[in-house]
Undergrad: 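Before we start, here is the structure in question, set down as C-alpha cells.
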Amino acid sequence: MNVSIIIVNFNTKQLLLNCIDSIYTHTKDISFEIIVSDNASTDGSVEMVKTQFPNVILIENKMNLGFGAANNKALKIAKGKYIFYLNSD
C-alpha cells in the first residue's frame, strides 16, 4: 500500500462525495486506501459513503471529536507507506 488518504468529515456530504469521486477518477498508478473519519454527521454522509463507496474505510465517531482526534483515529488503522491528510473542500 503506497498511500493512505485520510479525510475527516462533519456534515459535508456533497463535498465528501465530490472529493472521493475525484480521488477514484484521478488517482492512477499507485495503490491507495481512503479512510473517512466521520465526526457524527447528521446529513447522510455516513450512509452515502456506505452505499456509494463501499471500499472506503469508514470510522463512525459517536461524537464530534474535532479535527485532530479524528485524524489520529484514522492514522491508527492506516496501512500506507505515506499518509495524505485531505480536506474534502
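This one's a predicted model, so the numbers in the text were calculated from it and none came from an experiment.
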Undergrad: Just verifying a value: how many Å separate M1 CE and I30 CD1, rounded to the nearest 0.5 Å?
TA: 10.0 Å
Undergrad: Taking atom CZ of F84 and atom CD1 of I7, what is their separation to the nearest 0.5 Å?
TA: 8.5 Å
Undergrad: Sub-3.5 Å donor-acceptor pair from the side chain of T27 to the main-chain atoms of I23, do we have one?
TA: yes
Undergrad: For the side chain of S22 and the backbone of N18, is there at least one donor-acceptor N/O pair under 3.5 Å apart?
TA: no
Undergrad: About how many Å separate CD1 of I35 and NZ of K76, when rounded to the nearest 0.5 Å?
TA: 13.0 Å
Undergrad: Run the salt-bridge test on K73 and E60 with the 4.0 Å N-O cut-off and return the result as yes or no.
TA: no
Undergrad: I'd like to know if the side chain of N2 reaches the main chain of S31, judged simply by a donor and an acceptor atom lying under 3.5 Å from each other, with no hydrogens or angles considered.
TA: yes
Undergrad: For N64 and N39, indicate whether the former's side chain and the latter's backbone hold a donor-acceptor pair under 3.5 Å.
TA: no
Undergrad: First locate atom CD1 of I59, then atom CD1 of I6, and finally report the distance between them rounded to the nearest 0.5 Å.
TA: 7.5 Å
Undergrad: Can the ring centroids of Y24 and F32 be said to lie less than 6.0 angstrom from one another?
TA: yes
Undergrad: E33 side chain to K79 main-chain N or O, any donor-acceptor pair under 3.5 Å?
TA: yes
Undergrad: Quickly, which of I20, L15, L17, V8 forms a side-chain contact (heavy atoms from CB on, under 4.5 Å) with S88? Name it, please.
TA: L15
Undergrad: Taking a hydrophobic cluster as the set of Ile, Leu, Val, Met, Phe, Trp and Tyr residues connected by side-chain heavy atoms closer than 4.5 Å, whether directly or through intermediates, do I77 and V36 fall within one such cluster?
TA: no
Undergrad: Verify the distance criterion only: is there a donor paired with an acceptor across the side chains of S37 and N9 at less than 3.5 Å?
TA: no
Undergrad: For F67 and N87, what are the C-alpha separation, side-chain angles and deciding distance, and is it a side-chain contact (heavy atoms from CB on, under 4.5 Å)?
TA: CA-CA 10 Å; F67 185 71; N87 293 332; 3.4 Å; yes
Undergrad: Nearest 0.5 Å, please: how far is OG in S4 from CD1 in I57?
TA: 7.0 Å
Undergrad: With a 4.5 Å cut-off on side-chain heavy-atom distances among I, L, V, M, F, W and Y, is there a chain of contacts connecting L58 to F10?
TA: no
Undergrad: Please round to the nearest 0.5 Å and tell me the distance separating atom CG of N71 and atom CG of L65.
TA: 11.0 Å
Undergrad: In this structure, would V46 and V49 fall into the same cluster of hydrophobic residues linked by side-chain contacts under 4.5 Å?
TA: yes
Undergrad: Taking N11 for its side chain and T42 for its backbone only, find out whether a donor-acceptor pair lies under 3.5 Å.
TA: yes
Undergrad: Are L16 and Y85 joined in one hydrophobic group, where the rule is that I, L, V, M, F, W and Y side chains link up if heavy atoms are under 4.5 Å apart?
TA: no
Undergrad: Would you say D43's side chain and T12's backbone share a donor-acceptor pair under 3.5 angstrom?
TA: yes
